[in-house]
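Only one structure is covered here, and it is reproduced in the block below.
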Amino acid sequence: MIELVPETCVAAFDPEKIFKRRAPLQVDLGCGDGSFLCELAQKFPEKNFLGIERLRGRVARACRKADKIDNVRVLQAETSSAVRYLLPPESVETFYLLFPDPWPKRRHHRRRIVTPEFLNSIHRALEPDGVLHIATDYLDYFQHIERLVRATPTAPRLRFEIGNPDDVDPFDSRSGQVLPPTKFEKRFRAQGAPI
Ligand SMILES: C[S@@+](CC[C@H](N)C(=O)[O-])C[C@H]1O[C@@H](n2cnc3c(N)ncnc32)[C@H](O)[C@@H]1O
């Protein structure tokens, strides 16, 4: 079973039960068609990978990609509530929020996923020393996220690092994992967008 259908939307699930083993958990928020998720899962078979995506068609595509990969599960859900309600405290080694919708129009900014509440939920779900990777091609959103992270009350536990925009093979400073480019990253780089 690749697609995860939780019994309730307001109680945390047990990752050990879902993956049928205990292993470090990495979560891709807005995983799209699951390309990045599945590539990473195949590179790191000793870890568990959960993709969260709200669009049904993309969830179906991610499930098809993950069909033969044991350490992947996909959840159709809205990211903010899934992080807040479904992930147990200190259960996630790494979150990926890669190319979240930037909602460029000012009147749509309130739809952006990164808010103080979201950062607090991430902080609660992360293991000590856990990592949240965020990538965007949209400078205004980057600056907005930077301001929020610096102002968040959980900041004493946070170390904020800005990656090198020219680095086409970014890596996770905690695990040393080289991160493959996502589908949207390839698209944006091809257009010459700064990442
Ligand atoms: C620009 S795409 C990036 C996809 C992928 N991360 C990549 O880099 O190739 C943004 C993805 O996030 C999903 N998404 C946007 N808002 C979401 C939300 N609130 N909850 C879950 N998924 C969301 C979209 O449906 C879309 O698949």
Side-chain angles (χ1 to χ4, degrees), residues 1-88 91-103 111 113-114 118 121-122 125 130-138 168-172 175 177-191 193 195:
M1 184 204 68
I2 303 296
E3 186 171 353
L4 171 60
V5 183
E7 284 160 26
T8 151
C9 292
V10 287
F13 57 68
D14 177 0
E16 201 173 329
K17 202 164 146 195
I18 282 149
F19 286 93
K20 300 191 176 69
R21 66 171 185 175
R22 185 192 288 263
L25 175 62
Q26 303 210 350
V27 182
D28 187 10
L29 304 168
C31 67
D33 70 357
S35 321
F36 172 83
L37 179 73
C38 292
E39 199 174 333
L40 215 53
Q42 284 174 303
K43 271 175 114 169
F44 300 98
E46 73 283 8
K47 299 186 182 205
N48 292 334
F49 290 84
L50 173 67
I52 297 178
E53 168 58 52
R54 71 174 167 193
L55 294 183
R56 183 71 225 151
R58 292 185 184 177
V59 169
R61 254 175 280 156
C63 288
R64 278 199 294 279
K65 279 205 171 76
D67 192 34
K68 301 256 170 347
I69 313 173
D70 285 343
N71 56 335
V72 176
R73 299 290 181 276
V74 183
L75 170 68
Q76 184 184 4
E78 196 284 314
T79 287
S80 305
S81 47
V83 174
R84 182 162 179 188
Y85 297 114
L86 297 182
L87 295 168
S91 63
V92 178
E93 174 186 72
T94 308
F95 278 108
Y96 300 96
L97 180 67
L98 305 174
F99 305 95
D101 296 339
W103 295 109
R111 297 185 192 173
I113 197 118
V114 183
F118 172 75
S121 303
I122 291 278
V131 176
L132 162 64
H133 285 275
I134 306 180
T136 179
D137 63 313
Y138 202 75
V168 283
D169 279 327
F171 68 100
D172 180 327
S175 65
Q177 277 176 214
V178 173
L179 305 177
T182 73
K183 194 170 175 171
F184 276 77
E185 178 173 352
K186 286 182 201 159
R187 188 179 294 173
F188 293 141
R189 281 197 191 280
Q191 293 166 358
I195 308 293

Locate the shortest heavy-atom distance separating [X] from [Y]; write the atom from each residue and the value.
X	Y	result
Leu86	Pro6	CD1-CG, 4.1 Å
Gly30	Glu53	C-OE1, 3.6 Å
Val72	Ala66	CG1-CB, 3.6 Å
Ala135	Pro100	O-CD, 3.3 Å
Cys38	Ala62	SG-O, 4.4 Å
Val10	Tyr85	CA-CB, 4.0 Å

Out of curiosity, [X] [atom1] to [Y] [atom2], how far, rounded to the nearest 0.5 Å?
X	Y	atom1	atom2	result
Arg54	Ser80	CZ	OG	9.5 Å
Asp101	Ile113	CG	CD1	8.5 Å
Asp137	Leu98	CG	CG	12.0 Å
Thr94	Leu25	OG1	CG	9.0 Å
Phe184	Phe36	CZ	CZ	14.5 Å
Arg61	Cys31	CZ	SG	11.0 Å

Should the ring pair Phe99 and Phe188 be called parallel, tilted or perpendicular, given that the plane angle runs from 0 to 90° and is split at 30 and 60?
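Phe99 vs Phe188 ring planes: tilted.
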
With distance as the sole test, does [X] use its side chain to make a donor-acceptor pair with the main-chain N or O of [Y] at under 3.5 Å?
X	Y	answer
Arg73	Ile18	yes
Asn71	Phe49	no
Glu93	Gln26	no

Reference residue Ile122; test side chain to side chain contact (heavy atoms under 4.5 Å, CB included); the match among Ile134, Val27, Leu29
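Checked Ile134, Val27, Leu29 against Ile122; only one passes side chain to side chain contact (heavy atoms under 4.5 Å, CB included): Leu29.
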
Arg21 NZ/CZ over Phe19 ring centroid, <6.0 Å and within 45° of normal
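Cation-pi check for Arg21 and Phe19: fails.
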
Looking at Arg56 and Glu3, is any side-chain nitrogen of the basic one under 4.0 Å from a carboxylate oxygen of the acidic one?
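Salt bridge flag = yes for Arg56 with Glu3.
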
Could you note down all residue pairs passing salt bridge (Lys or Arg N to Asp or Glu O under 4.0 Å) where residues 23-39 supplies at least one of them, sequence neighbours left out?
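Listed by first then second residue: Asp33-Lys65, Asp33-Lys183.
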
Take Leu37 and Val74, measure what side-chain contact (heavy atoms from CB on, under 4.5 Å) needs, and give me the verdict at the end.
CA-CA 9 Å; Leu37 179 73; Val74 183; 4.3 Å; yes

Does the side chain of Leu87 come within less than 4.5 Å of Phe13's, by heavy atoms?
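Touching, per the 4.5 Å side-chain cut-off.
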
Answer yes or no: is there a side-chain heavy-atom contact under 4.5 Å between Pro15 and Pro88?
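Pro15 vs Pro88: side chains touch.
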
Can you name the ring pair (Phe, Tyr, Trp, His ring centres under 6.0 Å) partners of Tyr138, sequence neighbours left out?
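With sequence neighbours excluded, Tyr138 shows a ring pair (Phe, Tyr, Trp, His ring centres under 6.0 Å) to no residue whatsoever.
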
In chain order, what residues pass the side-chain contact (heavy atoms from CB on, under 4.5 Å) check against Glu7, with sequence neighbours excluded?
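Result, side-chain contact (heavy atoms from CB on, under 4.5 Å) vs Glu7: none returned.
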
More than 12 heavy atoms of other groups within 6.0 Å of Phe44 CZ
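Yes - once you tally the heavy atoms of other residues, nucleotides and ligands closer than 6.0 Å, there are more than 12.
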
